[in-house]
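Scroll down for the structure; my scribbles are underneath it.
Start at 1 with the first residue, then count along the sequence.
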Amino acid sequence: ERKVGCILETREKEGKAEKILKKVFSGWSSITNYEDSRGGRIWLVWRDMIRMTPVYKSDQIITCFVEMQGEEGFYYSCIYASNQEEERRALWEDLAHHNSSSSFKDKAWLIMGDFNEILDGGESSRFDNMRKVSNGMSEFQRLVLHCQLTDMAYQGPKYTWCNKREDGIICKKLDRVLLNEEA
């Protein structure tokens, strides 16, 4: 049985993370992004017959090449995007560079996580009130088009985030899985 996990927004100090990973994920391998993010926003854990080779890390992304016995390898990017539009631009640039890299050519690529941005107005409960596409949303849409990515179909609730206010509630679809043509 193959298992892989991506844990986002951990909010654990690096020293405590090592203890948690050893206790909860005993016998598993792991990659974190503490060297790029003081809070270590992303943890990747895996076991069994999976080989994950880190390709790129930043405070918003960990990208690995994934190999499983008897199957063709693919790229996997785990995302925890900043909630600041300006900082997300660095993530969009990183993903565009991945896409244009010769090593990504003709390889399947799975990108998943919290993008902290919507792709379509219908992904926000308040879009009808705004009726304007934000700069952040336009930039995300351009990235998806540039990289020729598809938003994977899903089941379940439409919105993955909510501000939890009784007055002025806002809900959005911020979490998603994107795939390239080869996936």
With clusters defined by side-chain heavy atoms of hydrophobic residues (ILVMFWY) lying less than 4.5 Å apart, directly or transitively, does Leu143 cluster with Leu145? no
When rounded to the nearest 0.5 Å, the distance separating CG of Leu91 from OH of Tyr80 is 12.5 Å
A side-chain contact here means heavy atoms from C-beta on lying under 4.5 Å apart; do Trp109 and Leu95 qualify? yes
Atom pair CD/CD of Gln148 and Glu182 - distance to nearest 0.5 Å: 8.5 Å
Show your working on ring pair (Phe, Tyr, Trp, His ring centres under 6.0 Å) between His98 and Tyr56 and close with a plain yes or no. CA-CA 9 Å; His98 283 22; Tyr56 183 83; 5.3 Å; yes
Is Asp106 close to Phe104 at the side-chain level, that is, under 4.5 Å between some pair of heavy atoms? no
Using a 3.5 Å distance criterion without hydrogens, assess whether the side chain of Ser100 forms a donor-acceptor pair with backbone atoms of His97. yes
If every non-hydrogen atom of Leu21 is compared with every non-hydrogen atom of Val45, which pair is closest and at what distance? CD2-CG1, 3.6 Å
Are Tyr34 and Ile20 linked, directly or through intermediate hydrophobic residues, by side-chain heavy-atom contacts shorter than 4.5 Å (ILVMFWY only)? yes
Residues Cys78 and Ile42: closest non-hydrogen pair is O-CD1, 3.5 Å
Donor-acceptor under 3.5 Å (Thr63 side chain, Val55 main chain): no
So, the side chain of Lys57 versus the backbone of Thr32: is there a donor-acceptor pair under 3.5 Å, distance only? yes
Considering all heavy atoms of both residues, which atom of Ala17 and which atom of Trp43 are nearest to each other, and what is their separation? CB-CZ2, 3.4 Å
Criterion side chain to side chain donor-acceptor pair (under 3.5 Å) against Arg89, the qualifying member of Glu86, Glu87, Glu85: Glu85
Find out whether Leu174 and Ile118 are in side-chain contact, i.e. whether some heavy atom of one side chain is under 4.5 Å from a heavy atom of the other. yes
Are Met152 and Met112 joined in one hydrophobic group, where the rule is that I, L, V, M, F, W and Y side chains link up if heavy atoms are under 4.5 Å apart? yes
Are the side chains of Met137 and Glu117 in contact, using a 4.5 Å heavy-atom criterion? yes
Rounded at 0.5 Å granularity, tell me how far CG in Leu119 sits from OG in Ser124. 13.0 Å
Can you tell me how far the CG atom of Leu149 sits from the CD1 atom of Ile111, to the nearest 0.5 Å? 4.5 Å
For the residue pair Ala183 and Ala108, what are the closest heavy atoms and their distance? CA-CB, 3.6 Å
Identify the heavy atoms of Ala96 and Cys147 that sit nearest to each other, and give their distance. CA-SG, 4.1 Å
Nearest-0.5 Å distance that lies between atom CZ in Phe140 and atom CG in Leu178: 5.0 Å
Donor-acceptor pair, distance only, cut-off 3.5 Å: does the side chain of Gln60 make one with the backbone of Ser82? yes
Okay, side chain of Glu123, backbone of Lys172: is any donor-acceptor separation there less than 3.5 Å? no
Please evaluate residues Ile170 and Trp161 with respect to the criterion side-chain contact (heavy atoms from CB on, under 4.5 Å), reporting the C-alpha separation (whole Å), side-chain torsions for both, the decisive distance (0.1 Å), and the verdict. CA-CA 8 Å; Ile170 302 171; Trp161 173 86; 4.2 Å; yes
Would you find a donor on one side and an acceptor on the other, under 3.5 Å apart, between the side chain of Tyr76 and the backbone of Met52? no
When you measure from the side chain of Arg88 to the backbone of Gly136, do you find a donor-acceptor pair of N or O atoms at a distance under 3.5 Å? no
If you compare all heavy atoms of Asn116 against all heavy atoms of Ala81, which two are closest, and at what distance to 0.1 Å? ND2-O, 2.8 Å
Say whether, by atom type as modelled, one donor and one acceptor occur between the side chain of Asp36 and the main chain of Ile62 under 3.5 angstrom. no
Measure the spacing between CZ of Arg176 and OG1 of Thr160 and express it to the nearest 0.5 Å. 8.0 Å
Side-chain heavy atoms of Trp46 within contact of Phe25, under 4.5 Å: no
Within-4.5 Å side-chain heavy-atom neighbours: Tyr159 and Ser125: yes
Is there a donor-acceptor pair under 3.5 Å between the side chain of Asn180 and the backbone N or O of Lys107? yes
Run the salt-bridge test on Asp114 and Arg41 with the 4.0 Å N-O cut-off and return the result as yes or no. no
Do Lys158 side-chain atoms and Gly122 backbone N/O form a donor-acceptor pair below 3.5 Å? yes
